[in-house]
Amino acid sequence: MLVFSILIFLVVTIHWVLSAVRTFQAFFFYRGGQNPAAFLGDVSQFSTVFREGTLLGILVLGDLAIIYRLWAVWCHHRGVMVIPVILLVVLSVLAVITLRQWLTPNRDLLKNPGELQANTSVWINALCATTFSINIYCTGMIAFKLYRAGRATKDSQFMFIITILMESLSLHSIWGIFFLIC
């Protein structure tokens, strides 16, 4: 888990640095800061695509981490892993398709960023639904396994640990819901 934590930290840091640099460029360098919205809405900028790619990387890494937790909690049970692994492959393919949409948009769509946004929103919604499915499945299966183990031991301290773990696992799911809505 330390490796996942370090990777997620690095990718999130890159995402935030790119966001800050782009904002700084938009307000101070692009046409003298007169039209920052035009710069920030310009999807032909490589920095825009790279920043969105880091966001998609965060999604994939977060889901990979929760799938790893599921694998560890279920003691490497292969049958439990089939659904999340298939969904992770689907998520990765959707991420590549979304980035491809941003990298090679139709030139007519570049004239109207709203149309490009509409074209990519289908893929983004599919990404959110897939990551949400992964998180709900994994969180539910981990909760079931831990609840069953806690019931067998009848240890209240163990149930307290399960509660803390489930709250932390649910945070990623809640973020996915928030991302889908907003």
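This chain uses plain numbering: 1 for the first residue, then up along the sequence. The model shown is predicted, which means the values in this text are computed figures rather than measured ones. No hydrogens, no waters, no symmetry mates; every other heavy atom, side chains included, goes into these values.
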What pairs with [X] under ring pair (Phe, Tyr, Trp, His ring centres under 6.0 Å), at least two apart in sequence or on another chain?
X: F28; value: F24
X: W71; value: Y68, H76
X: F27; value: none

Common cluster, [X]/[Y], ILVMFWY with side-chain heavy-atom separation under 4.5 Å:
X: I97; Y: V90; value: yes
X: F9; Y: F4; value: no
X: L64; Y: I6; value: no
X: L59; Y: L10; value: no
X: L127; Y: V85; value: yes

Check whether any side-chain heavy atom of [X] lies under 4.5 Å from a side-chain heavy atom of [Y], and answer yes or no.
X: W74; Y: F144; answer: yes
X: H77; Y: V80; answer: yes
X: V11; Y: I8; answer: no
X: C138; Y: R69; answer: no

Return the [atom1] to [atom2] distance between [X] and [Y], rounded to the nearest 0.5 Å.
X: I136; Y: I66; atom1: CD1; atom2: CD1; result: 8.5 Å
X: T139; Y: F132; atom1: OG1; atom2: CZ; result: 9.5 Å
X: I134; Y: L70; atom1: CD1; atom2: CG; result: 11.0 Å

For [X], enumerate each residue passing the side chain to side chain donor-acceptor pair (under 3.5 Å) test, keeping only those at least two apart in sequence or located in another chain.
X: T54; value: H15
X: T48; value: R22
X: S92; value: none

Q) Can you name the closest pair of heavy atoms from P84 and I67 and give their distance? A)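 Heavy-atom minimum between the residues: O-CD1, 3.4 Å.
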Q: Could you list who else is in L18's hydrophobic cluster, with ILVMFWY side chains joined at under 4.5 Å, directly or through other members?
A: I14, F46, F50
State which residues pass side-chain contact (heavy atoms from CB on, under 4.5 Å) with [X]; sequence neighbours excluded, sorted by chain then number.
X: L99; answer: V49, L56
X: I83; answer: L87, Y137
X: A38; answer: Y30, N35
X: V21; answer: V17, Q25

Q.
For the CH2 atom on W123, are there more than 12 heavy atoms of other groups (residues, nucleotides or ligands in this structure) within a distance under 6.0 Å?
A. no
Q.
Let's go through L91 and L88 carefully: what are the C-alpha distance in whole Å and the side-chain angles of both, what is the deciding distance for side chain to side chain contact (heavy atoms under 4.5 Å, CB included) to 0.1 Å, and is it a yes or a no?
A. CA-CA 5 Å; L91 180 72; L88 184 67; 4.3 Å; yes
